[in-house]
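This is a predicted model, so every value here is computed, not measured. Nothing fancy with the numbering, it's 1 onward along the sequence.
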Amino acid sequence: MQKHNGEKYYITTPIYYPSGNPHIGHCYTTAACDSIARYRRMQGYDVMFLTGTDEHGLKIEQKAAEKGVTPKQYVDEIVEVFKKLWKYMNINYDRYIRTTDDYHVTAVQKIFKDLYDRGYIYKGEYKGKYCTPCESFWTDSQLKDGKCPDCGRDVVEAKEEAYFFKMSPFADRIEKLLTETDYLQPKTRALELVNNFIKPGLEDLCVSRTSFKWKWGIPVTFDTNHVVYVWIDALSNYITALGYDNDTYNDYDKFWPADVHMVAKDIMRFHAIIWPAMLMALDLPLPKHLAVHGWITFNGQKMSKSLGNIIDPFVLGERYGADAIRYHIMREMALGSDSSFSNEIMINRINTDLANGLGNLVSRTVAMVEKYFGGTLPEIQQSGDFDEDLIAQATALVDTVDGFIDKTQLNNALAEIFKVVSRANKYIDETTPWVLAKDETNKPRLACVLYNLLETIRIVSTLLSAFMPTTMPIVWEQIGANSKDVTYENTAKFGVLPKTVTVHKGEIIFPRIDVDKEIDELNKLIGSQKKEEPKPEVKPEKPENVALIGIDDFAKVELRVAEITACEPVKKAKKLLKLTLNDGFGERTVASGIAKYYKPEELVGKKIILVANLKPAVLCGVESQGMILAGENGDDVKVIFVDGLPAGSEIR
C-alpha cells in the first residue's frame, strides 16, 4: 500500500444524454466512478470527480416539441431527476457540467475556431446514413441489416452543408496509442477499433449541422448558419469543466490530463479515436486511461431508453437500499463484458454476499460479544489456532484491492474483499465460540476470537466504504470503531481497535429477502415499464432417424472452456467471426458463423464451450482450430456461455 498525500486524481463519467429519465445503466458508470473517487480520496489523493449532462441535439429538440416546451425547459426537468438520483445513490461528485452552461458554450466556440484556424476544420458537404435517436452517422458497412447498429432503428439519408474535422493526420499516432500503450482498458478492444476504423482509413468527422434544420446547439461564431455537432461539443466538457478556454474555473493546469475516463462500449470509439485526435490537434496532453465497460442487459438486450427496457433505480433503491444496488451492479460487471440483469440475479447476490456473508458476519460477531461479555471485551486475550491465517489474509487485502482499483476492475476488488468475509465466517466455524463459552477458563481465548473478528470486519468495512458509503458507518458504530480506526493506513494493520472495545448491537444491516415472493412483486412493478414484444417461441421439431452412439464415441469429443480474448469480422465472409481464444493452455483461432447474431465487442471476455480436438479447417482464409457450441431455435442462435468456469476446464 502507498499513501498519496496531495497527488492529483481526475476521473470522469461520460456526460449523459437527458432525452429521458436515468436508468440503472447510468447508475453503473456513475457508481463505479464514485467508488474509485472515494477510494482515491481515502488513499490521500486530491480528487476531481466530474459528471454531467450532454444537452444539445436534434433528439432533445424533438422531445421538447412533443411536450410543448422549450428544449431548455425540457432538459432542466430531466437534469433535476439525474441530480436527485445521484443524491439518492450517495454519489459524491465534485463538479457537474451541463453543456448548456454559459462557460462551456463559450469555450466550445473557442475550441471550434481554434481547430478551424489550425487548418483541421473545413467546410464541405455531408452525405450518409443518420440515426436520429443515437445522433450518429454510419457508413453502409457499419449498418446492421440496414439499421443502426446501436439501437436497431431505421436510419435516413442525410445530405447537407457541414464542417468537417480532419482525422487522417492522427491515424498513426492513435493506432500506437491503442496498441502500444495501456490507454485503453481492457486492451482487448484495441484490435477491434484498429481493424474496424483505423486500418480502412479514418474518415473525416462531420462536426456541424445547419441551423435551418437543427437550432438547438452551440452556434459556430464565424458561420451562424451552423451549430456545433454533438461530439466536439460533448467531448470538450472534460477540459472546459476545468477552466480550459474560460474564466469560470481554474483547475485545468492542476488536474489535466485525466487519469480515467470511464464510458460504455457504445461510445468507446468516440473516446478512443475522436477525442485523442481533437487533443492532438490542439497540442494538449492525452488522458492516461480510457476504461470501457459493457452494457447492463435485460432479457438479452441492451438496457436503453431507445428500446424501452429500463429498470427504474428509484424503485430498486426503495426496496433494497442504494448500497445494495451499488454493490450488485459493480460486483456483476466485469470490465469489457456485458452484465445480465434480472430480478433473480440481483436478489440472490444480495442474499448470498450481503445478507448471508457480510451481514451475518457482523450480526453474529456483535451478538456474541453482547451475549458472552456484556458488550465489552476483556483485556486478557489468548491467541490460538486459525488466528494467523485470518490475520494474514485480512492485512494483505488492501494491496490486492489497490491493484484492481488501478486497473478499474471493481468486480475483482469486491470479490477479493468478500473472500476475506467468507474466511471470517469460516473462522467462526473453526473456533466454535459457542463451545468455548461453556468453559470459564476458555474466556481469554473466546475474547481473542471475537476481537479478531471485529478487527477483520473493521478492515473489510473500511475498504467497502468506497463502494457502500451509506451502510459502512452503521457497521462501524456496531463494532465500536471510530473515525481514526477506519483509515486507509489502518487497513494493513491488525490490532487497531482497543482490546476492550465496546460493541453496540443494532438492526440487521442487510435483511435476507424471500426470493419467490420478492420476484413476484418486483416483476409486477417492472412489468409496467415498456418493453419490446418478445419474439414468438419456435417449438423445435423432433429429429428423426438419429444415429445412436455409445459412450466411447462421445468420449472422443474433447469439450473445454475457453475465453474469447479478441474478435473481429472475417472480411471475405459476412456470416463468419474470427475468434481468438485462450483455452487454458495457449491461444487458438476459431471461425464461427455467428456474425448475424453477435457484434465482436459483445463476445470479448466471454467464456464459451470449445470442441478442442476438432481437425483444423481453413474457412475463407482463416484457419479454424475448433468449434464453439451454440443453441439454435428457428432463426435464432445463442452461443452457450459458461462465464463462471476458468479457461481450460473440462466439460463432461
Look at the aromatic rings of Trp256 and His261 and report parallel, tilted or perpendicular, splitting at 30° and 60°. tilted

Can you tell me if NZ on Lys8 sees more than 12 non-hydrogen neighbours from other groups inside 6.0 Å? yes

Okay, side chain of His104, backbone of Asp233: is any donor-acceptor separation there less than 3.5 Å? yes

Nearest heavy atoms of Val155 and Lys147, plus distance in Å: CG1-C, 4.4 Å

Contacts of Tyr16 meeting side chain to side chain donor-acceptor pair (under 3.5 Å) (sequence neighbours excluded), chain-then-number -> Thr30

Salt bridge flag under 4.0 Å for residues Asp114 and Lys110: no

Checking side-chain polar atoms at under 3.5 Å, does His271 have a donor or acceptor matched by the opposite partner on Tyr183? no

With sequence neighbours excluded, what pairs up with His293 under the side chain to side chain donor-acceptor pair (under 3.5 Å) test? Thr29

Quick check: are there more than 12 heavy atoms from other residues, nucleotides or ligands sitting under 6.0 Å from NZ of Lys187? yes

Okay, side chain of Tyr327, backbone of Ala322: is any donor-acceptor separation there less than 3.5 Å? no

Around atom OH of Tyr244, are there more than 12 heavy atoms of other residues, nucleotides or ligands at under 6.0 Å? yes

List the atom of Cys567, the atom of Val604, and the distance in Å for their closest heavy-atom pair. N-CG2, 4.1 Å

List for me each residue that meets side chain to side chain donor-acceptor pair (under 3.5 Å) alongside Lys288, sequence neighbours excluded, and say none if there are none. Asp259

